[in-house]
S.K.: 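Starting off with a structure, shown below.
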Number of protein chains: 2
Amino acid sequence: MTAYEELAARFKALAHPVRLQIVDILRRGDACVCHMETALGRRQAYISQQLMVLREAGLVDSRKEGLQVFYRLSDHVTEDLLNTALGAVGESQQPVLTGCPCPHCSTSAVTSVS
Amino acid sequence: MTAYEELAARFKALAHPVRLQIVDILRRGDACVCHMETALGRRQAYISQQLMVLREAGLVDSRKEGLQVFYRLSDHVTEDLLNTALGAVGESQQPVLTGCPCPHCSTSAVTSVS
DNA sequence: AGACTGTATTCATGGTTTTGAATGTGAGGA
DNA sequence: TCCTCACATTCAAAACCATGAATACAGTCT
């Protein structure tokens with residue numbers, strides 16, 4: 001696979017508004033699926049589908065913690081691309097949610113501004 | 001159109017190996033279609049098709065000069081994204097071709113390293 | 001005008017993506 | 001064990017993308 005093909009695959013995974021929103025959230029640090037579900041106001045299955053695309057493209061890693069699954073960006077390239085295209089993390093379009101906002105895990109999970 | 005949708009459209013246009021090659025060539029400055037045709041070893045119609053995608057996404061501008069058409073990147077964002085993902089212009093994968101390499105316009109056009 | 005040259009467009013077809021709906025899975029608690 | 005919760009996967013239909021082949025178009029030259 002050439003460098004161009006690899007980069008094209010990365011861009012392809014990012015070429016979707018909802019996946020960009022997800023990645024924008026993950027720029028600030030780990031997040032569980034229920035966090036994204038609340039933040040984006042989308043059905044859980046849909047979020048999970050988009051996360052699968054990002055996972056298969058190697059852009060995110062996941063880690064299981066009890067019932068929840070936390071996602072994070074797997075390298076710095078994606079973050080750098082977002083910084084280039086959307087501006088620094090501080091200027092992110094996504095609301096900063098401290099503590100997981102979803103009804104069930106709000107007291108346990110911590111999503112801090114990196 | 002939200003910021004995410006706009007960025008997704010840009011990434012979508014870049015999510016193709018040949019279009020990335022084209023943009024990589026254009027990072028160094030203007031280039032005519034026959035230049036790209038020679039540099040990439042692809043049929044002219046195919047190059048033109050990919051250029052149309054880039055044009056419609058607003059990533060490149062074109063300018064006619066006699067029989068030839070010269071293309072250039074239309075803003076700095078695309079260039080910055082390539083720099084982030086592929087490294088500085090000097091490290092480009094594309095061979096530096098000084099003077100248009102195609103058989104017909106080799107003596108007139110100039111494609112200099114920016 | 002007619003021919004040629006560089007570039008653009010159209011068309012057809014096969015492949016891939018998108019998305020809602022439904023269902024599966026595995027960990028934890030009663 | 002059985003239930004629930006958080007998440008993942010499968011399926012199917014519509015929309016969209018990729019690409020070869022053929023053709024159109026607009027300058028330039030004679």
Side-chain angles (χ1 to χ4, degrees), chain A residues 4-5 8-22 26 30-57 60-72 100-109 111, chain B residues 4-5 8-22 26 30-57 60-72 100-109 111:
Chain A
Y4 293 116
E5 284 168 338
R10 185 185 293 267
F11 280 147
K12 186 181 261 181
L14 292 173
H16 188 291
V18 171
R19 292 199 290 270
L20 280 178
Q21 281 187 284
I22 290 174
L26 294 180
D30 301 21
C32 60
V33 177
C34 62
H35 182 128
M36 303 183 219
E37 194 182 341
T38 306
L40 304 186
R42 301 253 179 185
R43 291 171 310 108
Q44 174 272 320
Y46 184 72
I47 301 279
S48 227
Q49 282 174 331
Q50 302 307 151
L51 283 170
M52 179 166 33
V53 174
L54 291 172
R55 213 180 332 115
E56 282 174 357
V60 301
D61 289 332
S62 62
R63 146 183 62 95
K64 199 151 197 172
E65 214 165 274
L67 276 183
Q68 299 174 211
V69 177
F70 285 80
Y71 279 84
R72 65 171 358 163
C100 189
C102 51
H104 300 297
C105 62
S106 55
T107 56
S108 60
T111 304
Chain B
Y4 292 116
E5 283 169 338
R10 187 185 291 266
F11 280 146
K12 187 180 264 182
L14 291 173
H16 187 290
V18 171
R19 292 199 289 269
L20 280 178
Q21 283 189 282
I22 290 175
L26 295 179
D30 302 20
C32 60
V33 177
C34 63
H35 182 129
M36 304 183 219
E37 194 181 342
T38 306
L40 305 185
R42 302 253 179 185
R43 291 172 310 108
Q44 173 272 320
Y46 183 72
I47 301 280
S48 226
Q49 282 173 330
Q50 303 307 150
L51 283 169
M52 179 165 34
V53 174
L54 292 172
R55 213 180 331 117
E56 283 173 354
V60 301
D61 290 331
S62 62
R63 144 182 63 92
K64 199 152 197 172
E65 215 164 274
L67 275 182
Q68 299 175 210
V69 176
F70 285 79
Y71 280 83
R72 64 172 358 162
C100 188
C102 52
H104 300 296
C105 63
S106 57
T107 56
S108 61
T111 304

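First the proteins, then the strands, lettered A, B, ... as listed; each starts at 1. For the numbers below, each heavy atom of this structure counts, side chains included, while hydrogens, waters and symmetry mates do not. The shown structure was predicted, so the numbers you read here are calculated from the model rather than taken from an experiment.
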S.K.: Tell me what A:R19 touches on the nucleic acid: a base, only sugar-phosphate, or nothing, going by heavy atoms under 4.0 Å.
M.R.: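 Sugar-phosphate only.
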S.K.: Expressed in angstrom and rounded to an integer, what is the separation of B:L51 atom CG from D:dT19 atom C1'?
M.R.: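 Nearest whole value for this atom pair: 15 Å.
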S.K.: Please report the distance, rounded to the nearest Å, between NE2 in B:H35 and C1' in C:dT7.
M.R.: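 Value for this atom pair: 16 Å.
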S.K.: Using the closest heavy atom to pick a nucleotide of DNA chain C for each, name whichever of A:E65 or B:V69 lands nearer the 5' end.
M.R.: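 Per heavy-atom nearest nucleotide, the more 5' residue is B:V69.
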S.K.: Side chains of B:F11 and A:L20: does their closest heavy-atom pair fall under 4.5 Å?
M.R.: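 Yes, at least one pair of side-chain atoms sits under 4.5 Å.
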S.K.: Taking the inter-plane angle between the rings of A:Y46 and A:H16 on a 0 to 90° scale, is it parallel (under 30°), tilted (30 to 60°) or perpendicular (over 60°)?
M.R.: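 Aromatic pair A:Y46/A:H16 classed tilted.
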S.K.: So, does the side chain of A:E37 form a donor-acceptor pair with the base of D:dA6 at under 3.5 Å?
M.R.: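 For A:E37, whose side chain was compared with the base of D:dA6, there is no donor-acceptor pair (under 3.5 Å).
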S.K.: Begin with the C-alpha distance, continue with both residues' side-chain angles, and end with the deciding distance and a verdict on side-chain contact (heavy atoms from CB on, under 4.5 Å) for A:R63 and A:D30.
M.R.: CA-CA 10 Å; A:R63 146 183 62 95; A:D30 301 21; 2.2 Å; yes
S.K.: Calculate the interatomic distance between B:I22 atom CD1 and D:dT19 atom P; express it in whole Å.
M.R.: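 From B:I22 CD1 to D:dT19 P: 12 Å.
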S.K.: Is the base of C:dG20 touched by the side chain of A:Q49 through a donor-acceptor pair closer than 3.5 angstrom?
M.R.: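 Under the 3.5 Å cut-off, the side chain and the base do form a donor-acceptor pair.
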S.K.: For the backbone of A:A57 and the side chain of A:R10, can you confirm whether one donor and one acceptor N or O come within less than 3.5 Å of each other?
M.R.: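 Side chain of A:R10 to backbone of A:A57: no pair is present.
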S.K.: Whole-Å distance between C:dT7 C1' and B:L40 CG?
M.R.: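 Taking atom C1' of C:dT7 as the reference, CG of B:L40 is at 15 Å.
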S.K.: When you get a sec, tell me which of D:dG20, C:dG6, C:dA22 is the closest nucleotide to the side chain of A:A45?
M.R.: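 So the nucleotide nearest the side chain must be C:dA22.
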S.K.: In this structure, how many angstroms lie between the P atom of C:dT17 and the CZ atom of B:F11, rounded?
M.R.: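 These atoms are roughly 18 Å apart.
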S.K.: Do B:R72 and B:L26 come close enough that some side-chain heavy atom pair is under 4.5 Å?
M.R.: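 B:R72 does not reach B:L26 side chain to side chain.
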S.K.: Closer than 4.0 Å, any side-chain N/O of A:R55 to the OP1 or OP2 of D:dT9?
M.R.: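 True: A:R55 side-chain N/O within range (under 4.0 Å) of D:dT9 OP1/OP2.
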S.K.: Looking only at side-chain atoms of A:H16, point me to the closest of D:dC7, C:dG26, C:dT19.
M.R.: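 Nearest to the side chain of A:H16 among the choices is C:dT19.
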S.K.: Could you give the OH-to-C1' distance, from A:Y46 to C:dT19, as a whole number of Å?
M.R.: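 Interatomic distance, OH of A:Y46 to C1' of C:dT19: 7 Å.
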S.K.: Please report, rounded to the nearest Å, how far the C1' atom of C:dG6 is from the CD1 atom of B:I47.
M.R.: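 Whole-Å distance recorded here is 13 Å.
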S.K.: What integer distance in Å separates A:L67:CG from D:dA6:C1'?
M.R.: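 Checked: the CG to C1' distance equals 6 Å.
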S.K.: If you pin A:Y71 and A:K12 to their nearest nucleotides in DNA chain D, which one's is more 5'?
M.R.: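 Result of the comparison: A:Y71.
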